[in-house]
S.K.: 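Here you go, one structure.
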Amino acid sequence: MQQKVRFQIEGMTCQACASRIEKVLNKKEFIESAGVNFASEEAQITFDDSQTDIAGLIKIIEKTGYGAKEKTDLQPAADDGAVHIGWRLWLLLAINIPFLIGMAGMMIGRHDWMIPAVWQFTLASIVQLWLASPFYKSAWTSIKDGLANMDVLVTIGTVAIYLYSAYMMLHHRGMGHDGMAHVYFEAGVMVIGFVSLGKFLEHRTKKSSLNSLSLMLKLTPPQATVQRGGAWVPLPLDQIRIGDLIRANHGERIAADGTVESGSGWADESHLTGESNPEIKTAGSKVLAGALMTDGSITYRAQQLGSHTLLGDMMNALSEAQGSKAPIARIADKAAAVFVPVVVGISVLTFALTWLIKGDWSTALMHAVAVLVIACPCALGLATPAAIMVGMGKAVKHGIWFKDAASMEESAHVNAVILDKTGTLTEGRPQVAAVYLAPESSYSEDDLYRIAAAVEQNATHPIANAIVAAAHARKLNLPETTGAQTAVGAGIAADIEGIGAVKVGKADYAGLTLPAGLDEVWNIATIVAVSADNRPVGAFALADTLKADSAEAIGRLKAHGIEVYVMSGDNPGTVDYIAAQLGIDRAFGNMSPRDKAAEVQKLKAAGKVVAMVGDGVNDAPALAAANVSFAMKGGADVAEHTASATLMQHSVNQFADALLIARATLKNIKQNLFFAFFYNILGIPLAALGFLSPVIAGAAMAASSVSVLGNALRLKRVKID
């Protein structure tokens, strides 16, 4: 049986590490697929659990030289998630200080600022023979597996500098101030220092900034006030059980998904839905884990806990999506796979040509080492996953759950959108769209609502419920009725004291004839007529009304060059009316599920990248046929399962947000790839020609990775218009 598992990987230093683990895993027959994300430091593996288990997979990863820990239920973080400088890096930086002072002195002609060669040798030996050991270990395990990572480049370069400088110091003393004319200990020490500092900054940025999961974990309170033995006691989250009665006061967060038993208050659920306005919670209301009580106090009963809550489900979905790979990542993966061997070749060639031309093998060595250090593919490996992680986090904050990185990338290319009508553009339930008062009637509009709703209270169908709800919205007091009788297929009648026999139903049942020239909505709506003592009073036009933000959303899509289509199983007149209200030219009615899917295929054949948005069972075939698809949360299970992404609000505006976030993310990825490629294309020739020393190359290499991460973080501030 196929099983999917996620591991946190420890010890990766660059994209080549991730590629190596991925390659080893995918060679195993019992592993269907394995993907390793350098930015999230995570592996996702689908395997046959009849041939191996979790422990077996961990052993495979450990044999490649890395640690692995299974990622299971998501729990609140024990600390603030900060990444701190370790003692090894502090010591490295301290050893770098005298070399930095010496180099600054040499730049202004004060060679005496550099410490004596014997002290340089001593400090460099501490670095090279002890503090650099993690580089050697990583390089060795990489070479054993027939691959090469960044640490191979750093190791070759710094060891070459160290051995060369030690040889020159011991065998060629007297070639300058204290025998230091051809001693370059500072280069090796500072390369190790700068690269280590760069790794730390990169790791801290990934842990504290790229991933939104740490922020979401903080949404779950560490403890909650629970009723136990008739008393209210504070309990840690892991001691709460399903069925417990929990209290949440103003300023506190909800600890579990559940139902309000008593009390009332306002809850902010924007962390899940993207909706900024708080919702009122009263007895019977659903509450979601992580929601903040902005006002009031409620008591609720826990129904789902931990990863089974909607918040837990979202965090697991986000973790899986962030750990997946976008198709564009293949560019970086292919480049990184051949990068290190090619760079080693360029470095050897640089050494040979420089020695041949200049006749100075110390200069040739410095140029060759600079090439090795400057060419680290870290920035290239971070370019795509860093942007994906930030983009996914931004999408979730807007209430959008992409299933994987490929879905997000494909969404960025969408130029044609097919929208279902019912429940997507419209509210999905009948509402009063227009009211008509008969000229000969003496009743007011409120009277019409009052008597119609009073009679309709005796019925249960959606049309009746809509009229009753509309009367209640007007805060009208409904009179008592007696003798209610239903005329099947026609309407319902009842007596109201002071008014007489009231009929509510079809126009001919109530004896009402509508005049010509009424608004278009009367031609496509369901008509409910009302009469009192066989005299017409008026009528209601009930229709599935537009959602408040549908028009704005269509305008946004059109402004970004996206063609919009409406397809529905409803009658063409109704679909055309809705489309006309929204300014949509392409509208199709009487569409079966097969018709919708066929239309998607036609658009794809015409070269369109198609997105489908729907929430019903009848939308599933079209959702599956589209390039990328979006389902509404809480709609049909089959639609949600089929779709590439889920919208937490039943909102086309949220769908527009999804496409624009995807476009911004893809743009950011392309920028990152450009920076990474440009950096190496420019840096390698400069290093080979001697314009960059190994020290400057080390600093530039570290800066390149941090700059790519910084550019990815800009996505958090991108405005979605």
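Note that the structure is a prediction, hence the values are computed from the model and not measured.
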S.K.: For the pair Val613 and Asp420, evaluate side chain to side chain contact (heavy atoms under 4.5 Å, CB included) and give the outcome as yes or no after the intermediate values.
M.R.: CA-CA 6 Å; Val613 186; Asp420 179 44; over 6 Å; no
S.K.: Assess the residue pair Ile554 and Leu419 against the criterion (side chain to side chain contact (heavy atoms under 4.5 Å, CB included)); give the C-alpha distance rounded to whole Å, side-chain angles, the decisive distance to 0.1 Å, and a yes or no.
M.R.: CA-CA 10 Å; Ile554 300 304; Leu419 302 172; 3.6 Å; yes
S.K.: So does Asp619 pair up with Lys596, basic N to acidic O under 4.0 Å?
M.R.: yes
S.K.: What donor-acceptor contacts under 3.5 angstrom involve side-chain atoms of residues 476-496, with partners at least two apart or in another chain?
M.R.:
| unit_1 | atom_1 | unit_2 | atom_2 | d |
| --- | --- | --- | --- | --- |
| Thr481 | OG1 | Asn458 | ND2 | 3.2 |

S.K.: Name each donor-acceptor pair under 3.5 Å that joins a side chain in residues 561-569 to protein atoms two or more places apart or in another chain, with its distance.
M.R.:
| unit_1 | atom_1 | unit_2 | atom_2 | d |
| --- | --- | --- | --- | --- |
| Glu563 | OE1 | Tyr565 | OH | 2.9 |
| Glu563 | OE2 | Lys608 | NZ | 2.9 |
| Ser568 | OG | Asp570 | N | 3.0 |

S.K.: Please collect all salt bridge (Lys or Arg N to Asp or Glu O under 4.0 Å) contacts where either partner lies in residues 405-414, sequence neighbours excluded, each pair once.
M.R.: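 Residue pairs passing salt bridge (Lys or Arg N to Asp or Glu O under 4.0 Å), neighbours aside: none found.
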S.K.: Donor-acceptor pair, His472 side chain versus Lys475 backbone, under 3.5 Å?
M.R.: no
S.K.: Per the side chain to side chain contact (heavy atoms under 4.5 Å, CB included) rule, which among Met392, Lys397, His398 passes with Lys394?
M.R.: His398
S.K.: Taking Asp268 for the side chain and Leu292 for the main chain, is one N or O donor matched with an acceptor at less than 3.5 Å?
M.R.: no
S.K.: Residues in side-chain contact (heavy atoms from CB on, under 4.5 Å) with Ala255, at least two apart?
M.R.: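 Here the qualifying residues are Pro221, Ala224, Leu237, Ile240, Tyr300.
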S.K.: With distance as the sole test, does Gln303 use its side chain to make a donor-acceptor pair with the main-chain N or O of Ile242 at under 3.5 Å?
M.R.: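 Judged by distance alone, no pair lies under 3.5 Å.
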S.K.: Return yes if some donor-acceptor pair links the side-chain N/O of Asp549 with the main-chain N/O of Glu552 below 3.5 Å, else return no.
M.R.: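 Between the backbone of Glu552 and the side chain of Asp549 there is no qualifying donor-acceptor contact (under 3.5 Å).
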S.K.: Quick one: does Thr309's side chain have a donor or acceptor within less than 3.5 Å of a partner on Gly306's backbone?
M.R.: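 A pair under 3.5 Å: yes.
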S.K.: Going by the rule side-chain contact (heavy atoms from CB on, under 4.5 Å), which residues pair with Pro439 if we only count those two or more places apart in sequence or in a different chain?
M.R.: Tyr436
S.K.: Sub-3.5 Å donor-acceptor pair from the side chain of His250 to the main-chain atoms of Gly296, do we have one?
M.R.: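 No; judged by distance alone, with no hydrogens or angles, the pair does not exist.
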S.K.: Got a donor-acceptor contact below 3.5 angstrom from the Asn249 side chain to the Ser297 backbone?
M.R.: no
S.K.: Going by salt bridge (Lys or Arg N to Asp or Glu O under 4.0 Å), name the residues that satisfy it together with Asp657, two or more places apart in sequence or in a different chain.
M.R.: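 Partners of Asp657 under the salt bridge (Lys or Arg N to Asp or Glu O under 4.0 Å) test: Arg556.
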S.K.: Test of understanding: with side-chain contact (heavy atoms from CB on, under 4.5 Å), list the residues that count as partners of Thr426, not counting sequence neighbours.
M.R.: Lys421, Thr422, Asp544, Leu546, Ile578
S.K.: Among residues two or more places apart or on two chains, list those pairs meeting salt bridge (Lys or Arg N to Asp or Glu O under 4.0 Å) that have a residue in residues 581-595.
M.R.: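 For residues 581-595, and leaving out neighbouring residues, there are no salt bridge (Lys or Arg N to Asp or Glu O under 4.0 Å) pairs at all.
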S.K.: With Ser444, which residues qualify under side-chain hydrogen bond (donor to acceptor under 3.5 Å, both in side chains), at least two apart?
M.R.: Asp447
S.K.: Using modelled atom types and a 3.5 Å cut-off, is there a donor and acceptor pairing between side-chain atoms of Ser629 and backbone atoms of Leu623?
M.R.: yes
S.K.: A side-chain contact here means heavy atoms from C-beta on lying under 4.5 Å apart; do Glu269 and Lys286 qualify?
M.R.: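 No, their side chains stay 4.5 Å or more apart.
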S.K.: Counting C-beta onward and ignoring hydrogens, is there a side-chain heavy-atom pair between Ser411 and Phe402 closer than 4.5 Å?
M.R.: yes
S.K.: Would you please name every residue forming a salt bridge (Lys or Arg N to Asp or Glu O under 4.0 Å) with Arg253, sequence neighbours left out?
M.R.: none
S.K.: Compute whether any side-chain donor of one residue and acceptor of the other, for Thr665 and Asn668, lie under 3.5 angstrom apart.
M.R.: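 Judged by distance alone, the side chains do not pair up.
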S.K.: Which residues pass the side-chain contact (heavy atoms from CB on, under 4.5 Å) test with Pro593, sequence neighbours left out?
M.R.: Asn618, Pro621
S.K.: Please enumerate all residues that pass salt bridge (Lys or Arg N to Asp or Glu O under 4.0 Å) together with Lys503, with sequence neighbours excluded.
M.R.: none
S.K.: Taking 4.0 angstrom as the limit, do Arg301 and Glu261 come out as a salt bridge?
M.R.: yes
